[in-house]
Undergrad: 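Here it is, the structure, as structure tokens.
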Amino acid sequence: MLMHPQASNDCSSKGRLQPLAQLDLAGVMACPEGHTKEGFETQFGTNHAAHFLLFQLLKPALLASSTPELNSRLVSVPSSGHEYSGILFDDLNLKKQGYDMWKAYRQSKTANVYLANEIDRQYGSKGLHANPVMPGVIFTPLAHPEMVKAFETPYYQKLQKKAQEGAATTVWAAISRECDWRIAASASLGRM
């Protein structure tokens with residue numbers, strides 16, 4: 001979570017934090033079949049349900065800290081894998097059709113996109129915006145051995161970014177005034 005620049009002053013004077021953005025970065029990829037203690041398939045539980053819970057816990061603070069000049073944001077980090085799967089609402093744990101680690105991963109990443117879009121739809125007018133940001137092809141220890149092989153091909157070598165470059169994309173989406181296009185668009189249409 002990123003904090004508003006005045007957060008340290010506000011904390012001492014008001015006894016509360018003022019979050020600026022929630023960054024949903026934690027995740028797992030292409031895991032063997034498993035389940036969270038809550039019963040979710042591991043990837044859906046880690047990559048989506050945990051972020052949804054964190055949002056529910058931070059939502060009051062994100063809404064309270066938003067100002068017309070500086071709206072609060074949630075940045076969700078999906079993957080291009082979301083393009084290959086919807087969400088199997090009647091089979092979230094992939095029990096009916098059999099577990100497939102890639103289908104489970106893709107489904108969890110589609111849920112990231114849906115979450116960001118729905119948060120923006122429901123809370124954008126209240127000063128809380130959300131963006132799903134695919135930071136690029138980044139080789140990290142998260143990569144499954146099959147992906148490591150793919151990353152070694154000339155195609156992926158051209159696309160690959162360093163972890164710091166991928167993180168920069170996500171942080172930029174969280175703090176850049178250029179991401180306030182919704183605010184500017186609303187103001188130009190006389191909605192503010």
Undergrad: How many angstroms lie between atom OG1 of Thr42 and atom CE of Met101, to the nearest 0.5 angstrom?
TA: 13.0 Å
Undergrad: How close do Phe40 and Gly45 get, counting heavy atoms only, and between which atoms?
TA: CB-CA, 3.7 Å
Undergrad: Does the plane of the ring in His48 sit parallel, tilted or perpendicular to the ring in Phe44? Use 30° and 60° as the thresholds.
TA: tilted
Undergrad: Considering all heavy atoms of both residues, which atom of Gln97 and which atom of Leu88 are nearest to each other, and what is their separation?
TA: NE2-CD1, 2.6 Å
Undergrad: Answer with yes or no whether the hydrophobic clustering places Tyr123 together with Tyr114; edges join I, L, V, M, F, W, Y residues whose side-chain heavy atoms lie under 4.5 Å apart.
TA: no
Undergrad: In terms of side-chain geometry, is the basic nitrogen of Glu33 or Lys95 positioned less than 4.0 Å from the acidic oxygen of its partner?
TA: yes
Undergrad: Please name the pair of heavy atoms, one in Gly27 and one in Asn47, separated by the smallest distance, quoted to 0.1 Å.
TA: CA-OD1, 3.0 Å
Undergrad: Does Arg106 reach the main-chain N or O of Ser85 with its side chain, forming a donor-acceptor pair under 3.5 Å?
TA: no
Undergrad: Measure from the side-chain N and O atoms of Asn93 to the backbone N and O of Gly39, and report whether any donor-acceptor pair falls under 3.5 Å.
TA: yes
Undergrad: Quick check: are there more than 12 heavy atoms from other residues, nucleotides or ligands sitting under 6.0 Å from NZ of Lys103?
TA: no
Undergrad: Is there a path of hydrophobic side-chain contacts, each under 4.5 Å between heavy atoms of I, L, V, M, F, W or Y residues, that connects Leu94 with Trp102?
TA: yes
Undergrad: Please name the pair of heavy atoms, one in Ser66 and one in Asn71, separated by the smallest distance, quoted to 0.1 Å.
TA: OG-CA, 3.3 Å
Undergrad: Between Val133 and Ala173, which heavy-atom pair has the shortest distance, and what is it?
TA: CG2-CB, 3.5 Å
Undergrad: Is it the case that Ser72 and Ser65 place a side-chain donor and acceptor less than 3.5 Å from each other?
TA: yes
Undergrad: Given the rule that I, L, V, M, F, W and Y join up when any side-chain heavy atoms are under 4.5 Å apart, are Tyr99 and Ile87 in one cluster?
TA: no
Undergrad: Does some side-chain heavy atom of Asp90 sit less than 4.5 Å from a side-chain heavy atom of Lys96?
TA: yes
Undergrad: Looking at Asn112, Val113, Asp120, Ile119, which one forms a side-chain contact (heavy atoms from CB on, under 4.5 Å) with Pro132?
TA: Val113
Undergrad: Are the side chain of Glu41 and the backbone of Gly34 linked by a donor-acceptor contact shorter than 3.5 Å?
TA: no
Undergrad: Please check if Leu115 and Leu128 belong to a single hydrophobic cluster, counting links between Ile, Leu, Val, Met, Phe, Trp and Tyr side chain heavy atoms closer than 4.5 Å.
TA: yes
Undergrad: Can you spot which of Leu63, Leu57, Leu62 makes a side-chain contact (heavy atoms from CB on, under 4.5 Å) with Lys59?
TA: Leu63
Undergrad: Less than 3.5 Å apart, any donor N or O on the side chain of Lys109 or Gln43 sitting next to an acceptor on the other?
TA: no
Undergrad: What distance separates His51 NE2 from Ser108 OG, expressed to the nearest 0.5 Å?
TA: 9.5 Å
Undergrad: Look only at the side chain of Glu165 and the backbone of Lys162, and say whether a donor-acceptor pair between them is shorter than 3.5 Å.
TA: yes
Undergrad: Are Phe52 and Leu54 connected in a single hydrophobic cluster, I mean Ile/Leu/Val/Met/Phe/Trp/Tyr linked by side-chain heavy atoms less than 4.5 Å apart?
TA: yes
